[in-house]
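Here is the structure we will look at, set down as C-alpha cells.
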Amino acid sequence: RPLFCASVLDHVTLHVAQLAEIKQQTTSSELSAFCCLFVRCCKTKRPLVMQAPIILLKEGTDTSQGKPQIISNINACEVVVDAVSSTLGPRGLDKLIVDGHGKTTISNDGATIMKLLDIVHPAAKTLVDISLSQDAEVGDGTTSVVLLAGEILKCCKTFVEDNVHPQILVRGLRKVALLSIARIKEIAVHVKREDVKEMDDLLKKCAATALSSKVIARQKDFFSQMVVDAVRHLDELLPLNMIGIKKVKGGSLEESRLIDGVGFKKTFSYAGFEMQRKKYTQPKIALLNIELELKAEKENAELRIDNVEEYQKVVDAEWAILYDKLEKIVDSGAKVVLSKLPIGDVATQYFADRDVFCAGRVPDDDLRRTIQACGGAIQTSVSSLSDTVLGTCQLFQEEQIGGDRFNIFTGCPEAKTCTIILRGGAEQFIEETERSLHDAIMIVRRTIKNDAIVAGGGAIEMELSKYLRDYSKTVAGKEQLIIAAVAEAMEVIPRQLCDNAGFDSMNILNRLRQKHAEGGKWFGVDIMNEDVADNFDACVWEPAMVKINAITGATEAAALILSVDETIKNPKSGANDPPPALPGRGRGRPM
Ligand code: ADP
Ligand code: MG
C-alpha cells in the first residue's frame with residue numbers, strides 16, 4: 001500500500017490523458033482502479049475527497065456491533081468452555097492454575113477454575129458469573145452449567161449466521177427453560193423426609209455423587225458419611241460457617257475425622273503453659289475479649305513523679321490491676337480460659353499455678369463456634385463472670401494431631417456445630433479436598449431443604465433432550481428448530497462424560513437415545529463399565545435443585561449473550577483521574 005500511494009502521488013502531476021494510458025499499461029489492479037477513479041473525477045470536475053465519518057463517540061472508542069459481534073462473543077464463550085470441559089465427571093481431569101503471585105491451585109471444581117482464570121472478555125465473563133452463582137446457590141454443578149451454556153450458544157450460532165433474529169432465539173430459550181424445569185419437577189423422585197434412616201441414605205448418595213468427580217472419589221463413602229453427620233449436627237437453618245474445617249498436613253485421608261464439637265489449633269503460648277493441665281472433664285469455660293497482660297500504664301497517661309516511692313506505687317498498681325482480673329477469673333470457677341486477645345506470661349503462670357488452662361489469641365470464628373457448642377457468652381470485663389456466661393462441655397483436652405496440637409471440646413450440650421479435621425499429604429491436595437467437601441456439604445444442605453432427586457450421569461439431560469425433541473414437533477415455525485437444537489445441546493453432558501472417560505461417545509449416545517425412546521427415563525452413562533445403565537438403580541443421584549439451577553443459569557446466560565449486539569469500550573475512562581500520588585517520604589522510607 002505505501003508503494004501504491006507513492007506511485008499515485010508521482011502521477012498526480014501527470015496529464016489526465018497520460019494517467020489513462022498508465023491505467024491501460026499497469027498490471028497492478030489497485031493502481032489501475034485508482035487511476036480510473038482519478039480520471040473519472042477529473043472529467044466530472046468533482047473533488048477527490050472521501051466523505052468524513054460522523055463522529056459520535058470520543059476518539060479511541062472501540063465499537064463492534066451487529067451479527068459479527070454476537071458471533072465473536074459466542075466464540076469467546078466457546079474458548080472458555082473448552083478450558084473447563086475436560087474436568088467434567090468422575091473421569092474428568094484436574095487443572096493446575098498458577099496465579100500472578102506464583103500460587104498454584106489444583107482443582108476440579110468449575111467455579112474455582114473459572115474464578116482463577118481471570119477472564120477479561122466482557123461476554124465470556126457471564127459464564128464466570130453463572131458458575132459462581134451456581135456455586136453459591138447449590139454448590140455443585142458448576143462445570144455443567146458452563147458447558148450447557150456454551151453448547152446452547154453454539155447451537156444458536158448457526159441460527160444467528162442464518163439471520164434469525166436474536167429475539168426469536170431468546171424467546172425460544174425461555175420456553176426451553178420453562179419446559180425443562182416443569183419436566184424435571186414432574187419426574188423427580190421424593191423421599192419420605194420423616195424416615196430419618198431413608199433420608200440419611202439419600203443424603204449420603206447425593207454427597208457421594210458430588211464427590212465422585214473429585215480427588216477424593218475413592219474415599220467417597222467415608223467422606224459422604226462424614227459430611228452427612230456434619231450437616232446433621234447443625235440447627236435447622238443449617239449455617240455453613242458452623243462446620244469448621246481444619247487442615248493438618250501429613251497422615252492419610254482416612255485419618256480425617258469429625259469432632260462433634262469444636263477443635264482448633266493450639267494458639268501461641270508463653271512459658272508456664274506446659275505446666276498447665278491439658279485435660280478436664282466438665283470444665284467451666286470462660287470466653288473473654290480481655291487482654292491479660294501486664295500493661296505499662298504510663299503508655300496511657302502522663303505521670304509526673306519525683307521520687308522512687310511514687311514510682312513503686314505506679315508499678316504496684318499495674319500489677320494489682322492484672323492480679324485483680326486474674327483472681328476474679330479463677331474465683332469464677334472457670335477451668336478453661338479462652339481469650340481473643342493475648343494472654344501474657346504472668347497470666348499464663350498464674351493460671352498454671354491454680355490448675356487452670358488458658359489460650360490467648362483464639363481466632364474469632366473458632367471462639368464463636370465454641371460459644372455455639374459450649375454455651376456462654378464473650379465477656380469484655382471480668383466483673384460479672386457468673387455461671388450463666390460460662391460455657392461447659394463433657395471433655396476438654398489437648399490432642400496431638402499430626403504435627404499440630406489441637407484444643408478439642410467434645411460432648412457439648414448445645415452442639416450445633418462440628419469440626420472436620422482433614423489429613424492428607426500435599427497442601428494443594430488438602431485444599432482441593434476441602435473444596436470438594438464444600439460441594440458435598442452444600443449438596444446435603446440443599447437436599448435436606450428440598451428432597452427431590454434425579455439420576456445423574458447424563459440421565460436427566462438425555463431425558464430432557466428427548467422430551468424437548470418430542471415437544472418441538474408439536475410447534476410450528478422457527479421455534480420448532482430452536483427447541484430441537486437446544487434438545488441436542490442438552491446431550492453435551494453425557495457426551496462430555498464419555499469423552500472424558502475415553503469412551504466412544506457416539507455409540508453410547510445412540511444407545512442412550514434408544515433407551516430413552518423406549519421409556520427408560522433414568523438411563524445414563526455407566527462410567528465404570530463403558531456402558532449405559534439405569535443410574536437411578538446405580539444410585540448416581542443428584543438433587544433436582546442442581547439441575548434446575550443449572551438449566552436456568554445456562555439459558556439466562558445464553559439469552560443475555562445473544563441479546564448483546566454491541567460492545568462499546570471506552571479506553572479513555574479514568575484518563576481524567578489525577579495520576580496516582582508519588583510515594584512520599586515517611587516512616588521507614590529512605591530520605
Ligand atoms: P460439576 O462441577 O458440574 O458438578 P463434576 O465434575 O462434579 O462437575 O461432574 C458432574 C457430573 O458427573 C454430573 O453430570 C454427574 O451426574 C456425573 N457423575 C457423577 N458421578 C457419576 C457416576 N458415578 N457415574 C456417572 N456419572 C457421574
Ligand atoms: Mg460436581
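Counting starts at 1 for both ligands and their atoms, following the listed order.
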Heavy-atom closest pair (Ile527 atom, Ala501 atom, distance to 0.1 Å) is CD1-CB, 4.3 Å

Shortest non-hydrogen contact from Glu488 to Arg495? O-NH2, 4.1 Å

When you measure from the side chain of Thr447 to the backbone N and O of Pro543, does any donor-acceptor pair fall under 3.5 Å? no

Would you confirm whether Glu399, through its side chain, and Ile401, through its main-chain N or O, come within 3.5 Å as a donor-acceptor pair? no

Quick check: closest heavy atoms across Val81 and Gly150, and the distance to 0.1 Å? CG2-CA, 3.6 Å

Using 4.0 Å as the upper bound for N to carboxylate O, is an ion pair formed by Arg446 and Asp140? no

Only one of Val145, Ile181, Val138 clears side chain to side chain contact (heavy atoms under 4.5 Å, CB included) with Asn549; which? Val138

Tell me whether Asp565 is salt-bridged to Lys67, with the criterion being a basic N under 4.0 Å from an acidic carboxylate O. no

Which pairs of nitrogen or oxygen atoms, taken one from ligand 1 and one from the protein, are under 3.5 angstrom apart?
from	atom 1	to	atom 2	distance (Å)
ligand 1	2 (O)	Thr142	N	3.2
ligand 1	2 (O)	Thr142	OG1	3.2
ligand 1	2 (O)	Thr143	N	3.0
ligand 1	2 (O)	Thr143	OG1	2.8
ligand 1	3 (O)	Thr142	N	3.4
ligand 1	3 (O)	Thr143	N	3.2
ligand 1	3 (O)	Ser144	N	2.8
ligand 1	3 (O)	Ser144	OG	2.6
ligand 1	4 (O)	Asp140	OD1	2.6
ligand 1	4 (O)	Gly141	N	3.0
ligand 1	6 (O)	Thr87	O	3.3
ligand 1	6 (O)	Gly89	N	3.0
ligand 1	6 (O)	Ser213	OG	3.4
ligand 1	7 (O)	Ser213	OG	2.5
ligand 1	9 (O)	Gly89	N	3.1
ligand 1	16 (O)	Gly457	N	2.5
ligand 1	16 (O)	Glu542	OE1	2.7
ligand 1	20 (N)	Ser212	OG	2.6

From the Mg ion (ligand 2), how many protein N/O/S atoms are found at a distance short of 2.8 Å? 1

Please determine which of Lys246, His233, Arg257, Arg369 meets the side-chain hydrogen bond (donor to acceptor under 3.5 Å, both in side chains) test together with Thr419. Arg369

